[in-house]
2 protein chains.
Amino acid sequence: MPDPAVVLIEDEPQIRRFLRATMTREGYRLFEATTGAAGLVEVGSRQPDVVIVDLGLPDMDGLAVIRRLREWTDVPVIVLSARGQERDKVTALDAGADDYVSKPFGAGELLARIRVALRHTAGASHAADEATFKVGALQVDLLHRRVFVGDQEVRFTPIEYKLLTTLVQHAGRVVTHQQLLREVWGPTHTDQAHYVRVYMGHLRHKLEAEPARPRYLLTEPGVGYRLAVE
Amino acid sequence: MPDPAVVLIEDEPQIRRFLRATMTREGYRLFEATTGAAGLVEVGSRQPDVVIVDLGLPDMDGLAVIRRLREWTDVPVIVLSARGQERDKVTALDAGADDYVSKPFGAGELLARIRVALRHTAGASHAADEATFKVGALQVDLLHRRVFVGDQEVRFTPIEYKLLTTLVQHAGRVVTHQQLLREVWGPTHTDQAHYVRVYMGHLRHKLEAEPARPRYLLTEPGVGYRLAVE
DNA sequence: TCGGATTTTTACGAGATTTTTACGGCCGGC
DNA sequence: GCCGGCCGTAAAAATCTCGTAAAAATCCGA
């Protein structure tokens with residue numbers, strides 16, 4: 001493996017300088033971003049092996065950054081935070097973070113936790129996924145939250161988009177009604193199976209040339225739905 | 001997934017009691033060991049989804065436990081420790097631990113970190129699950145829930161598919177009517193033996209070249225059915 | 001607060017699936 | 001040979017699922 005790449009999303013110059021020094025000394029390639037928005041772009045373009053994100057960012061909540069990342073990548077995310085409250089930790093970890101380090105932290109500990117994260121991805125091959133999914137004329141840009149059919153952009157409501165990305169993450173495999181309800185509407189709505197039918201109708205209406213004969217959004221009768229792959 | 005299994009290696013009765021209460025309440029199956037040696041045995045026999053190990057054990061160093069575990073398993077290990085020194089954390093993490101929680105800790109944080117560990121293994125098994133059953137021209141792709149005869153895809157209703165996969169899971173062995181009814185229709189229908197005959201007919205009609213002379217779905221008269229292997 | 005967008009509910013017909021029923025053949029025991 | 005149980009097949013009946021439309025409730029930004 002070449003030197004591991006790390007994206008650091010952090011606004012405090014002091015901490016950035018400190019980490020830049022340690023990380024480069026340890027042989028990491030470090031890419032920095034000072035806002036959440038810039039960080040998301042950086043992760044998309046650099047495809048790093050680890051992301052370190054501060055919870056207190058100027059433009060958007062660090063939690064939102066984690067959730068946006070998790071829409072399209074499984075890259076390990078380590079949270080830095082000035083707040084050491086248990087509630088903050090639980091929220092961040094459940095939002096998709098892999099580790100949580102409270103400030104002030106020691107360089108040694110952070111580096112050790114980065115090594116743990118790298119060990120994890122060494123086993124799993126798909127550390128850095130592709131950020132756009134394509135099949136036929138359909139194109140889903142998970143990084144920028146944009147969807148195209150041919151060169152025509154299609155707009156979606158939040159639930160429609162979440163439903164689509166859930167299918168994208170399991171593209172080619174069947175996703176059960178239960179799974180979709182849990183992922184999109186939360187674990188409390190797993191009995192409202194008709195929600196899925198209604199919204200799958202919306203998606204087909206917007207994406208398919210012939211909504212009644214879907215090419216991408218396939219029904220698996222009695223089980224759930226499947227997004228076609230090439 | 002059934003309830004996740006956790007092995008706890010910890011000598012302090014107070015902490016054991018505390019964790020026993022919280023973990024069972026959260027729906028985990030907890031197995032306890034009070035010494036490192038017993039812990040290693042417990043992990044070997046229970047094959048848990050997560051291991052929690054205290055660094056200060058009476059018989060052997062917690063670090064040694066971690067190293068011994070890493071000789072043969074990648075199961076996530078979360079370290080509990082009274083010592084919060086950075087040096088201890090680095091040593092434990094580099095020895096193979098996946099996470100390090102200092103005492104005193106909150107139940108919420110530990111549970112959240114356990115969920116992170118479970119997420120990791122869920123993703124890993126996912127990728128490794130390249131399970132497809134083959135015999136002759138028949139091909140059952142369990143991961144994608146697709147079945148082929150030759151290169152022709154065959155579609156199945158939920159019950160048909162469940163019946164087929166039940167046979168696949170015991171391929172080469174006889175599966176009794178009772179067993180099939182219990183697995184497919186649930187324990188309340190074990191007296192409707194003709195269901196199996198009707199549906200076995202469907203399967204043969206869809207899979208066999210000559211349904212009357214089955215090559216894959218064999219009848220074991222008076223007992224049940226058997227799926228042929230090479 | 002208003003108006004539009006979005007989500008949640010409700011209803012229903014077409015079609016697929018499951019369940020039930022019926023019947024004919026086969027085989028071993030009597 | 002006759003009978004009863006087991007097996008396979010077919011088809012009718014009951015039930016459930018899916019897609020669709022549209023009304024009602026809710027949310028959200030101006």
Side-chain angles (χ1 to χ4, degrees), chain A residues 145 147 154-167 174-227, chain B residues 145 147 154-167 174-227:
Chain A
R145 276 181 176 256
V147 180
V154 185
R155 302 194 47 80
F156 289 100
T157 71
I159 286 199
E160 288 170 0
Y161 184 77
K162 180 78 173 133
L163 180 60
L164 178 60
T165 54
T166 304
L167 287 168
V174 182
V175 189
T176 66
H177 301 121
Q178 297 294 316
Q179 239 172 312
L180 289 171
L181 286 165
R182 188 153 21 82
E183 298 269 336
V184 179
W185 280 271
T188 55
H189 294 69
T190 48
D191 49 344
Q192 328 271 81
H194 51 279
Y195 284 15
V196 181
R197 278 195 287 277
V198 171
Y199 274 84
M200 197 62 58
H202 294 178
L203 289 187
R204 281 181 175 149
H205 192 71
K206 292 185 175 183
L207 294 178
E208 300 277 4
E210 297 179 77
R213 298 170 157 277
R215 181 176 162 203
Y216 310 122
L217 301 165
L218 310 176
T219 301
E220 294 286 338
V223 188
Y225 295 87
R226 183 160 54 88
L227 179 58
Chain B
R145 197 189 184 278
V147 180
V154 186
R155 308 195 49 84
F156 289 98
T157 71
I159 287 198
E160 289 169 359
Y161 185 77
K162 182 82 171 113
L163 180 59
L164 177 60
T165 54
T166 304
L167 288 168
V174 186
V175 188
T176 66
H177 301 121
Q178 296 297 317
Q179 235 172 317
L180 289 172
L181 285 164
R182 187 153 22 83
E183 298 268 336
V184 178
W185 280 269
T188 56
H189 294 69
T190 48
D191 49 345
Q192 328 271 77
H194 53 280
Y195 283 15
V196 181
R197 278 196 288 278
V198 171
Y199 274 85
M200 199 61 60
H202 292 179
L203 289 187
R204 283 179 174 149
H205 191 71
K206 291 186 175 183
L207 293 178
E208 300 277 4
E210 297 179 79
R213 297 170 163 275
R215 182 178 160 199
Y216 309 122
L217 301 165
L218 310 176
T219 302
E220 294 286 340
V223 189
Y225 295 87
R226 182 163 56 87
L227 179 59

Separation of atom NE2 in His202(B) from atom P in dA10(D), rounded to whole Å: 10 Å
Between dT17(D), dT17(C), dT7(C), which nucleotide has the shortest distance from any of its atoms to the side chain of Arg197(A)? dT17(D)
To the nearest angstrom, how far is Ile159(A) atom CD1 from dT8(C) atom C1'? 9 Å
If I take atom NZ in residue Lys162(B) and atom P in nucleotide dT19(C), what distance separates them, rounded to the nearest angstrom? 14 Å
Roughly, in whole Å, what's the span from CD in Gln178(A) to P in dT17(D)? 12 Å
Does a side-chain N or O from Thr157(A) land closer than 4.0 Å to OP1 or OP2 of dA5(C), or not? no
Of all the nucleotides listed (dT9(C), dC18(D), dG8(D)), which has the minimum atom distance to the side chain of Thr219(A)? dC18(D)
Nearest-Å distance, CH2 (Trp185(B)) to P (dT19(C))? 7 Å
Integer-rounded Å distance: dC18(D) C1' and Leu217(A) CG: 15 Å
Lys206(A) side chain to Phe156(A) main-chain N or O, any donor-acceptor pair under 3.5 Å? no
Using whole Å, what does the distance between atom P of nucleotide dC7(D) and atom OH of Tyr199(B) come to? 19 Å
Can you tell me how far P of dC7(D) sits from CD of Glu220(B), to the nearest Å? 11 Å
Should the ring pair His177(A) and Tyr225(A) be called parallel, tilted or perpendicular, given that the plane angle runs from 0 to 90° and is split at 30 and 60? perpendicular
Gln192(A) side chain near dT7(C) phosphate (N/O to OP1/OP2, under 4.0 Å): no
Keeping the roles fixed (side chain from Glu208(B), backbone from Leu217(B)), state whether a donor-acceptor pair exists under 3.5 Å. yes
Counting side-chain heavy atoms from CB outward, which of dT9(D), dT20(D), dT10(C) is closest to Ala212(B)? dT9(D)
Is the ring pair His189(A)/Tyr195(A) parallel, tilted or perpendicular, if the boundaries are 30 and 60 degrees? tilted
His205(A) or His177(B): which one's nearest nucleotide on DNA chain D is closer to the 5' end? His177(B)
With a cut-off of 6.0 Å (strictly less than), are more than 12 heavy atoms of other residues, nucleotides or ligands near NE2 of His194(B)? yes
The side chain of Tyr195(B) lies closest to which of these nucleotides: dT20(C), dT6(C), dT18(C)? dT20(C)
Which of dC18(D), dT20(C), dG8(D) is nearest the side chain of Arg204(B)? It is dG8(D)
Of the listed dT19(C), dT10(C), dG8(D), the closest approach to the His194(A) side chain comes from dT10(C)
